[in-house]
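Single-structure report; data block below.
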Amino acid sequence: MTDKEKENPQETDIRSKPTKSDDKLEANTIEYKEKQGILSKEENNELHTSSVSTGSAGDDIAPPAGPSEQSASAAGTGESAPETPASGAAQRPDRAAARSAAAAAAEAGGTAPAAANGAAPTEGAAAEDGGDKAKAAAEARAARAAARAAKTAAPAEDAPPKPPSPNQPLLDRLVEILKGEVAGDAVDEAFINEIDGHRPFVVIRGEHWVRAAEVFLQHEELQCGYLRSVSGVDLGNQLEVVYHLLSIPLRKEYGVRVRTEREAPSVPSVASVWPTADWNEREIYDLLGIDFPGHPNLTRIMMPDEWVGHPLRKDYEAYDPEV
């Protein structure tokens, strides 16, 4: 024993004992020799003796099977044994043998054994899984559609009532004036056109239209001296003429509709009340064929005099298709 060992006997004792690193290095060396097939007889006996003693100690680990045993197991059951670090290289040929056995079974008409070690799911299982997901998605869509339908069908009990139009009093007063100044049946319909700036609209009977126009112009609460526009409309089953009136002094706007039958349509002319209606009524007569009795010069204004038909009617058929 050297002088240094005498001074530190504890360090000498530790160095003399084998460590876990030494055991691991030795195990790795034996494993490498086993893979290379260069184990000595003594090392082989030591390896199997160690494996048997470890299994009998209660670790529930079976001793590693030899290459011949693994091949027999794979050929008999079609499953490869679990691979361990010590026997992985030896089991790779066994997997090839298992695949060969499966191919031979398939050629013989049997069913190929399922692959072990995390084999992918079969096509039937994947299809079943996809079908379940599609069914669940369809049920969810149906539930959402039913909820939307129920929400739409259910009455909006909690919804606040729609507020009245700010021009509703103006419309009520207009109807009152027309019925009092013209006739009780002069107004067929009255409504607020919300998309047109809440414009008050009335539908006037044709026989009362000229008198109603004079009231619009002369009444002190109306004073509609400006005829902004006149247009004709084909409603399919009948025709109508739409007037937009403006009171510049009172800053108020009104709308009037006068409807007429499709066969022999006729609306009294108001060119004597608003001279600007002259050319507008001629245009409507030209393109829609509505007659305006009382007009000073009701002739075509756009189409030639010899033109057949009225181009803005829905049932118009061109005499010359190229025009």
Side-chain angles (χ1 to χ4, degrees), residues 20 24 27-28 31-32 34-35 51-52 54-166 168 191-199 201 233-237 314:
K20 292 184 179 180
K24 187 175 181 180
N28 289 340
E31 180 183 352
Y32 175 76
E34 181 187 15
K35 290 180 180 180
S51 301
V52 170
T54 303
S56 61
D59 284 345
D60 296 331
I61 300 176
S68 60
E69 296 175 357
Q70 294 173 358
S71 300
S73 175
T77 64
E79 297 181 358
S80 58
E83 183 177 348
T84 60
S87 61
Q91 290 183 9
R92 291 190 185 95
D94 297 338
R95 290 178 182 172
R99 285 195 293 270
S100 301
E107 291 179 0
T111 303
N117 296 331
T122 62
E123 295 182 1
E128 183 179 357
D129 186 38
D132 293 341
K133 290 182 179 179
K135 183 178 179 181
E139 292 177 353
R141 288 194 298 268
R144 291 194 296 269
R148 288 195 298 267
K151 185 177 180 180
T152 303
E157 298 179 355
D158 299 335
K162 185 178 180 179
S165 170
Q168 187 62 45
F191 60 92
I192 296 291
N193 191 347
E194 296 183 357
I195 63 174
D196 191 15
H198 288 261
R199 187 192 306 272
F201 253 91
V233 182
D234 186 351
L235 300 177
N237 58 342
K314 293 182 178 180

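Below, each value reflects all heavy atoms present in this structure, side chains not excepted, and no hydrogens, waters or symmetry copies. Fair warning: this is a prediction, and the values are worked out from it, not measured in the lab.
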Q) Can you tell me how far CG of Asn237 sits from CG of Asp234, rounded to the nearest 0.5 angstrom? A) 9.0 Å
Q.
Looking at Leu235, I'd like to know if its CG atom is crowded, meaning that more than 12 non-hydrogen atoms belonging to other residues, nucleotides or ligands lie closer than 6.0 Å.
A. yes
Q. Can you tell if the side chain of His198 reaches within under 4.5 Å of the side chain of Pro166, non-hydrogen atoms only?
A. yes
